[in-house]
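Below, chain A is the first sequence line, B the second, and so on; all start at residue 1.
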Amino acid sequence: MQTLEGRRLIRVRTYRADLRRPFPPSFAERLEGRRVEKLARRAKYLTIFLDDGWVWLIHLGMSGRMLIGPADDTRPGKHDHVIVETEEGLRVAYNDARRFGLMDLCAKTDLAEHPLLAALGPEPLEKAFTPAVLAKALSKRSGPIKTALLDQTLIAGIGNIYASEALFRAGIDPTRPAETLGLKEARPLVAAIKAVLAEAIEAGGSSLRDHRRPDGELGYFQHAFAVYDREGMPCPKCDCAEGVRRLVQSGRSTFYCAKRQR
DNA sequence: CGGCAAACCTGCGAGC
DNA sequence: TGCTCGCAGGTTTGCC
């Protein structure tokens, strides 16, 4: 998507009225003619800053992806819901089989107060995300630490895969009540969260089944999971008999090593 | 308010 | 081979 920076959007087409939510009024018309000034991210939201002071907000949901290529064929492919063409002959298609994603437009000056962003917790990759900050957030929760890590109002941007991976690296039992983690255990957990997210971004993201990178390849980080989706396989860090275990917390799979994580 | 289940949607893999 | 069924992901909604 870096490839969009600096480009002018000359043609925007939507192929349905909504994703998870309806597109905002006059969505395509408000994008057409705009130049992209900057791409950024807040939690799992992509923020595209436009030259008229508005921001194009995109969430990929679970199966959303941006397909980038030349604009010589503008017909929508299967599950292409929005297609953008730039002045330079680039075609960017938002493709999302499950339509759990969403798009919105927001004035740059109101971005922090946008309903989808206002309640988000701190960015884990920022310097300000410290063990003290994490410990304080977790002290408010009596539920399991794994579930708390997925709460976007406590910490922004951790998904189900990375919650398991971070807890494994930090050696923390996913069922531990969040409030029982003190500063001492928040320290390795912060380090693990930062490392897991940074490595995943560096590797081009994770992917499962039909989720692919823009070039069609699986996200490389998929090949680096220590525990996620590895039930029954040996723990990569110890020789325990059971290997990686799976449990369900709040309806989501958690993978962990019972011997290593306490 | 916290915690949890269900809902949204589709593709895929397992099992018959 | 072809069918059904369960499950995966992120977030919101609704119920206790």
(message) With rounding to the nearest 0.5 angstrom, report the NE2 to OH distance, A/His81 to A/Tyr94.
(response) 7.0 Å
Using whole Å, report how far [atom1] of [X] lies from [atom2] of [N].
{"X": "A/Leu149", "N": "C/dG10", "atom1": "CG", "atom2": "P", "result": "13 Å"}
{"X": "A/Arg65", "N": "B/dC9", "atom1": "CZ", "atom2": "P", "result": "19 Å"}
{"X": "A/Glu179", "N": "B/dG2", "atom1": "CD", "atom2": "C1'", "result": "11 Å"}
{"X": "A/Asp104", "N": "C/dT11", "atom1": "CG", "atom2": "P", "result": "15 Å"}
{"X": "A/Arg98", "N": "B/dA7", "atom1": "CZ", "atom2": "P", "result": "18 Å"}
{"X": "A/Asn160", "N": "C/dA8", "atom1": "CG", "atom2": "P", "result": "9 Å"}
{"X": "A/His79", "N": "B/dT10", "atom1": "NE2", "atom2": "P", "result": "7 Å"}
{"X": "A/Glu231", "N": "C/dG6", "atom1": "CD", "atom2": "P", "result": "18 Å"}

[X] side-chain proximity, nearest of [options]:
{"X": "A/Pro144", "options": "B/dT10, B/dC4, C/dT11", "result": "B/dC4"}
{"X": "A/Ser142", "options": "C/dG10, B/dG3, B/dT10", "result": "B/dG3"}
{"X": "A/Arg141", "options": "C/dT11, C/dA8, B/dG3", "result": "B/dG3"}
{"X": "A/Met62", "options": "B/dC4, C/dA8, C/dG10", "result": "C/dG10"}

Please confirm whether the shortest side-chain N or O distance from [X] to OP1 or OP2 of [N] is below 4.0 Å.
{"X": "A/Ser253", "N": "C/dA8", "value": "yes"}
{"X": "A/Arg99", "N": "B/dT10", "value": "yes"}
{"X": "A/His59", "N": "C/dT11", "value": "yes"}
{"X": "A/Arg21", "N": "C/dT13", "value": "no"}

(message) Is it the case that C/dA8 (base atoms only) and A/Arg252 (side chain only) share a donor and an acceptor within less than 3.5 Å, ignoring hydrogens and angles?
(response) no
(message) Using heavy-atom distances to pick each residue's nearest nucleotide on DNA chain B, tell me which of A/Arg20 and A/Lys78 is more 5'.
(response) A/Arg20
(request) Could you say whether A/Gln249 or A/Phe100 is positioned toward the 5' end of DNA chain B, judged by the nucleotide with the nearest heavy atom to each? (result) A/Gln249
(request) Using the P atom on both, measure B/dG11 against C/dT12 and round to a whole Å. (result) 24 Å
(request) Determine the interatomic distance between P on C/dG14 and the same-named atom on B/dC9; round to the nearest Å. (result) 15 Å
(message) Are the side chains of A/Met66 and A/Leu4 in contact, using a 4.5 Å heavy-atom criterion?
(response) no
Contact class for [X] vs. all strands (heavy atom < 4.0 Å): base, sugar-phosphate, or nothing?
{"X": "A/Lys44", "result": "sugar-phosphate"}
{"X": "A/Leu102", "result": "nothing"}
{"X": "A/Gln152", "result": "sugar-phosphate"}
{"X": "A/Arg16", "result": "nothing"}

Indicate yes or no: does [X] engage [Y] in a salt bridge with an N to O separation below 4.0 Å.
{"X": "A/Lys140", "Y": "A/Glu179", "answer": "no"}
{"X": "A/Arg246", "Y": "A/Asp229", "answer": "no"}
{"X": "A/Arg13", "Y": "A/Glu32", "answer": "yes"}
{"X": "A/Asp80", "Y": "A/Arg75", "answer": "no"}

(message) Is it the case that the side chains of A/Arg30 and A/Ser26 hold a donor-acceptor pair, with the cut-off being a distance below 3.5 Å and no angle test?
(response) no
(request) Return the stems involving DNA chain B, sorted by first number, where pairs are Watson-Crick (N1-N3 with N6-O4 or O6-N4) or G-U wobble (N1-O2 and O6-N3), both under 3.5 Å, and runs are 3 or more long. (result) B:2-8 with C:10-16, B:10-16 with C:2-8
(message) Quick check on side chain to side chain contact (heavy atoms under 4.5 Å, CB included): which of A/Thr3, A/Ile68, A/Leu67, A/Val12 does A/Val92 satisfy it with?
(response) A/Ile68
(request) Determine yes or no for a side-chain-to-main-chain donor-acceptor pair under 3.5 angstrom, with A/Asn95 supplying the side chain and A/Lys78 the backbone. (result) yes
